[in-house]
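Residue numbering restarts at 1 for every chain, and letters A, B, ... go by the order of the sequence lines.
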There are 2 protein chains.
Amino acid sequence: MATILEVAKRAGVSKATVSRVLSGNGYVSHETREKVMQAVAETDFRPNLLARNLSVKSTQTIGLVVTNTLYSGNYFSELMSHSARMLEQQGRQLILADGKHSAAQERAAIDFLLDLRCDGIIIYPRFLTVDEMDEIIAQRKQPVLVVNRRLRQHHSYCIYADQKQISAMAVKALIDLGHRDIGFITGSLDSPTGAERLAGYKAALHERGIPLREALIAEGKWHAQSGAQATAALINSGCAFSALVASNDEMAIGAIRHLTTANIAVPKQVSVLGFDDIPLAPYIVPALSSVRIPVTDMIQEAIARLLAMLDGGSWQEAEAFAASLSLRESVAPGPFAS
Amino acid sequence: MATILEVAKRAGVSKATVSRVLSGNGYVSHETREKVMQAVAETDFRPNLLARNLSVKSTQTIGLVVTNTLYSGNYFSELMSHSARMLEQQGRQLILADGKHSAAQERAAIDFLLDLRCDGIIIYPRFLTVDEMDEIIAQRKQPVLVVNRRLRQHHSYCIYADQKQISAMAVKALIDLGHRDIGFITGSLDSPTGAERLAGYKAALHERGIPLREALIAEGKWHAQSGAQATAALINSGCAFSALVASNDEMAIGAIRHLTTANIAVPKQVSVLGFDDIPLAPYIVPALSSVRIPVTDMIQEAIARLLAMLDGGSWQEAEAFAASLSLRESVAPGPFAS
DNA sequence: TTGTACGCGTTATCAT
DNA sequence: ATGATAACGCGTACAA
């Protein structure tokens, strides 16, 4: 690997001059510029970004921490494609670090990215508690933004959706359609999102004066297969239901699959509701209605806010920037035209 | 950010000593070690990986180049989850760079990762030709492995599947089931994979002595909606078909969706075949059969081979390592248990 | 067992 | 317009 020094020798100039023509800063005569360009071409010179970043104290990269249990599935794809696309426009690079499967490992992933001198971090947490994150944010010098959690202290460092309310709205919509026996398939209950969506279900029943029956609740693990198993469990419990709410689309798909193979006509007798984690889902399974959960909006907002903090821009700029992008339309297909 | 020098001062020792206790290399007395540990804790010291990597000339990271047109969809998730999991076991980090949407940009992504001094690169190419890649591999010092393409020169730097043959097998299977009028939905024909799968279709018909009819071929663009549109085009062409092969699962899903809404009973009259890009697909749509395309196997093999080249290990070790992992089972659900 | 001093490849601040 | 030279933060022979 040719270094800047070798190029300098070959061109008969000093390192400084080469650096000048490469960066475009400072004056260089036309002829020496030519000589340098020539030498660069001859040596296949490529700059060492480690050295450069060490010198300028900035890497133009931002780090993303996600648990690998989310790696399979569309949720993750959405996250990645939107993040990469937005940062690409800003000339920044995304580095993904694996949050693995514990709070300690999520913490380690953050520190790893900071050790790499990422300019900022976005974490989509799974195991760290909000208090732990508040503490982390307070300690680190670089900005660490948290998606999908509501922090107690650093309000401007988190972007969240009201999962409980969204879930409650969905359930109330079913109730208002006349359903009174509504089954509910939870997500993993050790995840805040899972717990909040369940809480929304309970709140909706309470608000409409419908008694809660535990037999209508089955625990799932977010994936399709667990949705099917939960559905089987509900049926076996003997409790009839006229509608079913699954805590995400994958489980809803699993539920529909089970109902179908069990010869229960889905569209007629059972209405299944999922959450819009998978843009494709409604096209795949017509019987499925989905509530929109703004993953995309959240990550978009997080990146815009982070960039504003880094560039020292104002909040207005950040919001305008976020608003100027309508990423969702560009990725998810519109109403299905067949 | 505290540096190693500040820690050294605070502990009353030299940089070198601090470096020794941190890395574990070299002798240090028990008491000075304690003093250093204390100072490290007090200063919240974190090593600067840029400086370290610059010094040791190795980053323990490997780079992955993928076009962002693949970011949405399960193909990408599979790629990422398997890659990250394998590298995690080896204490290495994965850095993803966007290949964007042209050969030049794919080339730029490779160079960017090399400038960051990744120890090696894996590219899942979309626009670069095999000849361009052979040239790139020849020029760069670091190993660049190519997935899903057959290179002309650097045979040990590429991992590929015989897309044409796999496609032909699928079509022949349908023929042997008695089908003679088989529709085919292509992928994007500017992608080698799309072209090869179409070639397989044609070869299978030829081999079984069935005349090729262009009216039975419709062009798709890999996504579900284009699959539905292609199906509509086939129907409008007036050419009846008893079976349909789509060049990937997403389009197969779109096809089934169209047939269903058009009141054509899928399982009875039409057999739809996709390629197993989406592990979930067969569970989603019972009418869909899939041919297994080994994305997972390819990426697994690529990483194993790359690691072997980097660690200077033997090919036997690489193969044994690859074989020791049965990643697929751990991610894709087994036969659907409801 | 510990410290000195140099190298890693750039950028940036001085002079000249 | 160009060239020394000092950072940047860390690893590591080599000496002591």
Side-chain angles (χ1 to χ4, degrees), chain A residues 1-40 43-61 111-119 141-142, chain B residues 1-40 43-61 111-119 141-142:
Chain A
M1 293 275 104
T3 76
I4 215 175
L5 183 60
E6 305 176 42
V7 175
K9 283 184 189 160
R10 186 176 261 264
V13 296
S14 73
K15 295 190 316 182
T17 304
V18 176
S19 179
R20 275 191 276 265
V21 340
L22 258 42
S23 68
N25 303 336
Y27 299 122
V28 243
S29 80
H30 201 68
E31 58 180 326
T32 53
R33 152 166 281 119
E34 290 305 316
K35 284 191 302 186
V36 170
M37 297 297 268
Q38 170 96 18
V40 165
T43 52
D44 289 329
F45 171 76
R46 295 253 96 212
N48 184 326
L49 292 185
L50 294 176
R52 179 211 293 268
N53 291 339
L54 176 62
S55 182
V56 301
K57 295 167 169 303
S58 154
T59 58
Q60 297 294 94
T61 61
D111 284 333
F112 172 76
L113 292 173
L114 291 178
D115 293 348
L116 275 179
R117 292 304 183 264
C118 286
D119 295 338
K141 186 64 184 170
Q142 298 95 328
Chain B
M1 292 277 103
T3 76
I4 214 175
L5 183 58
E6 306 177 39
V7 175
K9 283 183 190 162
R10 186 176 260 267
V13 297
S14 74
K15 292 192 324 183
T17 305
V18 176
S19 179
R20 280 189 201 101
V21 340
L22 259 40
S23 68
N25 304 336
Y27 300 121
V28 243
S29 81
H30 201 67
E31 57 179 329
T32 53
R33 152 166 280 122
E34 290 304 315
K35 284 192 300 186
V36 170
M37 297 295 269
Q38 171 97 16
V40 165
T43 53
D44 289 328
F45 170 77
R46 295 252 97 212
N48 184 326
L49 293 185
L50 295 175
R52 177 212 295 268
N53 290 339
L54 176 61
S55 180
V56 301
K57 294 168 169 304
S58 155
T59 59
Q60 297 294 93
T61 62
D111 284 334
F112 172 75
L113 292 173
L114 290 179
D115 292 348
L116 276 179
R117 293 302 185 265
C118 286
D119 295 338
K141 186 63 184 172
Q142 298 95 328

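Between B:L116 atom CG and C:dT10 atom P the separation is 13 Å, expressed in whole Å. Following rounding to the nearest Å, A:L22 (CG) and C:dG9 (C1') show an atom-to-atom distance of 12 Å. Rounded to a whole Å, the CG atom of B:N25 is 15 Å from the P atom of C:dT1. Taking atom CG of A:N53 as the reference point, atom C1' of C:dC8 lies 14 Å away to the nearest angstrom.
Between A:T17 and D:dG3, a side-chain N or O to OP1/OP2 separation shorter than 4.0 Å is present. Within the structure, every side-chain polar atom (N or O) of B:K57 is placed at least 4.0 Å from both OP1 and OP2 of D:dG11.
Comparing D:dT2, D:dG3, C:dG9 against the side chain of A:L54 picks out C:dG9 as the nearest. The nucleotide whose nearest atom lies closest to any side-chain atom of B:R20 is, among D:dC14, D:dG11, C:dT10, D:dC14. Out of D:dG3, D:dG11, C:dG3, the shortest distance to the side chain of B:R52 is found at D:dG11. Counting only heavy atoms from C-beta on, A:N48 has its side chain closest to C:dT10 among C:dT10, D:dC8, C:dG3. When each of C:dG9, D:dT2, C:dG3 is scored by its nearest atom to the side-chain atoms of A:V28, the top-ranked nucleotide is D:dT2. Relative to the side chain of B:K15, the nucleotides C:dG3, D:dG11, C:dC8 differ in distance, and D:dG11 lies closest. Nearest to the side chain of B:S29, among D:dC10, C:dT1, C:dG3, sits C:dT1. Checking D:dC10, C:dT11, C:dT4 against the side-chain heavy atoms of A:S19 singles out C:dT11 as nearest. Of the candidates D:dG9, D:dA13, D:dT12, the closest approach to any side-chain atom of B:V56 belongs to D:dT12. Of the candidates C:dT11, D:dA4, D:dT2, the closest approach to any side-chain atom of A:S55 belongs to C:dT11.
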* To do: Assess whether side chain to side chain contact (heavy atoms under 4.5 Å, CB included) is satisfied between A:E31 and A:K35, documenting all intermediate values.
  => CA-CA 6 Å; A:E31 58 180 326; A:K35 284 191 302 186; 5.8 Å; no
